[in-house]
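What's counted below: heavy atoms across the whole structure, side chains too, no hydrogens, waters or symmetry copies. Everything numeric here is computed off the predicted structure, so don't read it as measured data.
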Amino acid sequence: MELAVEARERAYAPYSKFKVGAALRAASGKVYQGVNVENAAYPEGTCAEAGAIAAMILGGDTEIAEVAVVGDAPAPVTPCGGCRQKIAEFAPRGVIVTMGTMQGGELVQRIEELIPHAFAAAQMES
């Protein structure tokens, strides 16, 4: 969670002012960070979780062991639906996602609790 808080400070959120930081630990033990990056064409921004996943892939890892995400909100900041699916792509069942606030509040859930019926590659097999 400390690395998610650290990352959050570098988020680019000039429009919403809502900075989000994420950190994930890969199965290798390496930690990757990400931040939300907004764009004047609003739907073209990226989420912190997606940035951390992209960094993980670039770093040569492909399996998430745990995730932390944090924002300045009254309740723990949860990944959006798209990021839940992205996390599920690389996280085996049981992976813990810790969602937090800047004031120290936390919500901890397994990925399958966040997205119980994630679309998976196995569904595309005939």
Colleague: Is a donor on one side and an acceptor on the other found under 3.5 Å between the side chain of Arg84 and the backbone of Leu114?
Modeller: yes

Colleague: Look at the side chain of Gln123 and the backbone N and O of Ala120, then say whether any donor-acceptor pair between them is shorter than 3.5 Å.
Modeller: yes

Colleague: Check whether any side-chain N or O of Asn39 sits under 3.5 Å from a backbone N or O of Ala41 as a donor-acceptor pair, and report yes or no.
Modeller: yes

Colleague: Less than 4.5 Å apart, side chain to side chain, heavy atoms only: is that true for Ile64 and Ile111?
Modeller: no

Colleague: For atom CD of Gln103, decide whether the heavy atoms of other residues, nucleotides or ligands shown that lie under 6.0 angstrom number more than 12.
Modeller: yes

Colleague: Give a yes or no answer on whether the side chain of Gln85 reaches the backbone of Phe119 with a donor-acceptor pair at less than 3.5 Å.
Modeller: yes

Colleague: Determine whether Phe90 and Ile57 satisfy the following criterion, side-chain contact (heavy atoms from CB on, under 4.5 Å), listing intermediate values before the conclusion.
Modeller: CA-CA 10 Å; Phe90 299 100; Ile57 297 300; 3.6 Å; yes

Colleague: Hey, is the main chain of Val95 close enough, under 3.5 Å, to the side chain of Glu66 for a donor-acceptor pair?
Modeller: no

Colleague: Taking the side chain as every heavy atom from C-beta outward, state whether Val70 and Met102 have any atom pair closer than 4.5 Å.
Modeller: yes

Colleague: Answer yes or no: is there a side-chain heavy-atom contact under 4.5 Å between Met99 and Gln109?
Modeller: yes

Colleague: Could you tell me if the side chain of Arg110 sits less than 4.5 Å from the side chain of Val97, heavy atoms only?
Modeller: no

Colleague: What verdict does the side chain to side chain donor-acceptor pair (under 3.5 Å) test give for Glu38 and Ser16, after you've listed the backbone C-alpha separation in whole Å, the side-chain angles of each residue and the deciding distance to 0.1 Å?
Modeller: CA-CA 8 Å; Glu38 293 180 349; Ser16 73; 2.2 Å; yes

Colleague: Contact between Pro79 and Ile87 at the side-chain level, heavy atoms closer than 4.5 Å - yes or no?
Modeller: yes

Colleague: For the residue pair Lys19 and Asp72, establish whether any side-chain heavy-atom pair is separated by less than 4.5 Å.
Modeller: no

Colleague: Using modelled atom types and a 3.5 Å cut-off, is there a donor and acceptor pairing between side-chain atoms of Gln33 and backbone atoms of Leu3?
Modeller: yes

Colleague: Any side-chain heavy atom of Lys86 within less than 4.5 Å of one from Glu49?
Modeller: no

Colleague: Should Leu107 and Val69 be regarded as members of a common hydrophobic cluster, given that ILVMFWY residues are connected when their side-chain heavy atoms come within less than 4.5 Å of each other, either directly or indirectly?
Modeller: yes

Colleague: CD/Glu63 to CG/Leu24 distance, rounded to the nearest 0.5 angstrom?
Modeller: 11.5 Å

Colleague: I'd like to know if the side chain of Asn36 and the backbone of Phe18 have a donor-acceptor N/O pair within less than 3.5 Å.
Modeller: yes

Colleague: Any side-chain heavy-atom pair from Tyr12 and Val35 closer than 4.5 angstrom?
Modeller: no

